[in-house]
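Single-structure report; data block below.
Sequence lines set the chain letters: A, B, ... in the order given, protein chains first and strands last, and positions in each chain run from 1. Keep in mind that the numbers below use all heavy atoms, side chains included, and drop hydrogens, waters and symmetry copies.
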There are 2 protein chains.
Amino acid sequence: MAPDRPPGRPRSSVDATVFAATLRTVDELGYTHATVDRIAAAAGVAKTTIYRRWPSKGALMTACLVDAFGPLPLAGGSRAEIMSAAVRWGAAKISEPGVGAAFAGVFTDAINDPALREILSTQLQDPYRLVLQETLDEPEQRVLFLIDVVIGTLLHRMGMTGEPMIDADVDALVEMVVRALR
Amino acid sequence: MAPDRPPGRPRSSVDATVFAATLRTVDELGYTHATVDRIAAAAGVAKTTIYRRWPSKGALMTACLVDAFGPLPLAGGSRAEIMSAAVRWGAAKISEPGVGAAFAGVFTDAINDPALREILSTQLQDPYRLVLQETLDEPEQRVLFLIDVVIGTLLHRMGMTGEPMIDADVDALVEMVVRALR
DNA sequence: GCAGTTTCGCTACTTCGAGTATCGAAACCG
DNA sequence: CGGTTTCGATACTCGAAGTAGCGAAACTGC
């Protein structure tokens, strides 16, 4: 059951470096101006190395977001408490430097790119949706709607102001969603 | 007080034709693939004519949306009734062919383009926000948040499915927002 | 009619970023 | 050492936004 390393030169372990460079570049220049060339330069890596690991800029961004978000923390409690924690966790993560801009960018790239939409769905969105759906014991349609509300609100705000939401708005969003749950 | 027409050849009255061609093209091909070349061809107009009237693709899209949305209908009633009508109006408009995709596209273009953001704000968003703010007699911060929720939710759904929201979700959204108003 | 001014369509161009191709050098295995 | 794969570097294709230049057309005022 050894890992059975494949033949040839092993890949250098620069994934984390590239992810960090990606978020940093997006934070500094915005999604559009964060070109793959610049990201590669910021990571000290050749552009070809990036394209060897991820098939497109959107795929790179998606992988970067998956890495940045990590697993959804589920600390038990009532359904309202779970939901509340999830919303606050999402708001906090999306406010980290570069994350919100990367999310908004890859999301809208995906609108006109079916292949990227597939990647985004399966790698980033479906996992969280399924966990929430099971944990809250809500029908799929309902969870999808609530995710629309939470992510949509956060992204719309980020896109407009470029700043994270103020605490009062996060509180209001939590209250709205928790209320809608009953 | 005659209009005092400026000298030179007057502009042909093709604005409406261009707007129609824009929405049709966006509906058929999506925002990204609705190039200015294609839109011009669909409208039977030269590309230079479009750039003589609107400074960028985003500006054209914004003007097109301003035209498509028209004035916010305000049929009196209680604050809840006004809000409810506004949300349903927005949901209906954004579901018209091409409108949602154009909105999402111009919105995300604006994230990385300050000039376009200015155009989008002053020509499309501020007018509606100010009317709502005055009509509902709510503080600016509150109205901004509620707009984030409504538009964000609608755009996120459109981007994911490409389809308008189902009635049940619109109802749920209306209820959430109206509740948050009290 | 004619001079002045502006818009029209057309074609060609510049610019920039995503993604591809090629190639010699380097890193691993047996 | 031979086979295989990754690495960095450079050069390339392609598509779309936006620009430049031009002759023709449409209007005004004289």
Reading DNA chain C from 5' onward, which residue's closest nucleotide shows up sooner: Tyr31(A) or Gly8(B)? Gly8(B)
Stepwise, does the side-chain contact (heavy atoms from CB on, under 4.5 Å) test hold for Glu138(A) with Phe145(A)? CA-CA 11 Å; Glu138(A) 288 273 335; Phe145(A) 170 72; over 6 Å; no
To the nearest angstrom, how far is [X] atom [atom1] from [N] atom [atom2]?
X         : N       : atom1 : atom2 : result
Asp15(A)  : dC7(D)  : CG    : P     : 9 Å
Asp37(A)  : dT15(C) : CG    : P     : 17 Å
Leu116(B) : dG18(D) : CG    : C1'   : 14 Å
Asn112(A) : dA16(D) : CG    : P     : 12 Å
Asp113(B) : dG17(C) : CG    : C1'   : 16 Å

Relative to Tyr31(B), does Lys57(B) satisfy both conditions: NZ or CZ under 6.0 angstrom from the six-membered ring centre, and within 45 degrees of the ring's axis? yes
Among residues 43-61 of chain A, which ones have heavy-atom contacts with DNA chain C below 4.0 Å? Lys47(A), Thr48(A), Tyr51(A), Ser56(A), Lys57(A)
Could you walk me through whether Met83(B) and Leu146(B) satisfy the side-chain contact (heavy atoms from CB on, under 4.5 Å) test, starting with their C-alpha distance in whole Å, then the side-chain angles of each, then the deciding distance to 0.1 Å, before giving a yes or no? CA-CA 10 Å; Met83(B) 193 63 177; Leu146(B) 293 175; 3.8 Å; yes
Among all residues two or more places apart in sequence or in another chain, which pass the salt bridge (Lys or Arg N to Asp or Glu O under 4.0 Å) test with Arg88(B)? Asp171(B)
Determine whether any donor atom in the side chain of Arg9(B) lies under 3.5 Å from an acceptor atom in the base of dT6(C), or the reverse, and answer yes or no. no
Side-chain atoms of Pro7(B) come closest, of dA18(C), dT5(C), dG17(C), to dT5(C)
Under 4.0 Å between a Lys/Arg side-chain N and an Asp/Glu carboxylate O for Asp27(A) and Arg24(A)? no
Please classify the nucleic acid contact of Ser12(A) as base, sugar-phosphate, or nothing, using heavy-atom distances under 4.0 Å. sugar-phosphate
Quick one: is Arg5(B) getting a side-chain N or O under 4.0 Å of the dT28(D) phosphate, OP1 or OP2? yes
Strictly below 4.0 Å: does Arg11(A) bring a side-chain N or O up to OP1 or OP2 of dT5(D)? no
Do other residues, nucleotides or ligands put more than 12 heavy atoms under 6.0 Å from Gln123(B) CD? yes
Are Phe103(B) and Leu154(B) close enough, and set up right, to give a side-chain contact (heavy atoms from CB on, under 4.5 Å), and what steps lead you there? CA-CA 10 Å; Phe103(B) 201 147; Leu154(B) 292 173; over 6 Å; no
